[in-house]
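Data first, discussion second: the structure below is written as structure tokens.
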Amino acid sequence: MASEKPGSFQQAVSDSDQEELREFGSSLISMENLDRTSPELWPEKIPGVTEFINSFQTTPNSTTKLPYSKELTHEDQNYVHQLATLSTSGLIGKVKELHDIAYQLGIEESKEVTRGKYLNLFNRDKKHK
């Protein structure tokens with residue numbers, strides 16, 4: 001024991017123990033064939049629905065233009081030019097002004113929704129049915 005290296009661990013294994021380990025190791029071998037193809041995780045509940053939905057989606061070569069991709073009018077170009085000529089502090093002031101307008105619009109909308117609730121406008125369809 002004095003001749004062992006520090007930190008090393010050796011254990012005497014008897015022949016019967018080695019045989020048991022071999023038997024145990026052979027019992028762990030799996031004969032399952034692992035197929036690497038991807039399973040269909042979410043099969044269609046109604047066959048053909050995905051193809052039907054995809055037929056209505058627009059393709060990149062579609063001729064319809066998105067609302068933000070239309071040409072700028074002369075008035076829009078002048079406004080963009082005005083914004084481009086503003087200083088940094090002027091541009092920040094313009095952003096704050098737009099923020100205040102959006103905030104006021106939100107307050108007005110909240111008042112109108114509250115008014116609609118008091119007038120029972122949102123529950124009207126449920127009562128008529």
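Because only heavy atoms are used, hydrogens play no part in the values below, and waters and symmetry mates are left out as well, while side chains stay in.
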Task: side chain to side chain contact (heavy atoms under 4.5 Å, CB included) involving Thr114 - partner list, sequence neighbours excluded - done: Ser110, Tyr118
Task: Listed once per pair and sorted, the salt bridge (Lys or Arg N to Asp or Glu O under 4.0 Å) pairs that draw on residues 84-100, sequence neighbours left out - done: Lys94-Glu97
Pairwise distance [atom1]([X]) to [atom2]([Y]) - rounded to 0.5 angstrom:
X	Y	atom1	atom2	answer
Glu23	Glu19	CD	CD	5.0 Å
Arg115	Glu108	CZ	CD	12.5 Å
Glu109	Gln104	CD	CD	13.0 Å

Open item on the list: With clusters defined by side-chain heavy atoms of hydrophobic residues (ILVMFWY) lying less than 4.5 Å apart, directly or transitively, does Val80 cluster with Leu86?
Closed with: no
- [ ] Kindly give the cluster partners of Ile107, where membership spreads through any ILVMFWY side chain lying under 4.5 Å from a current member.
- [x] Tyr103
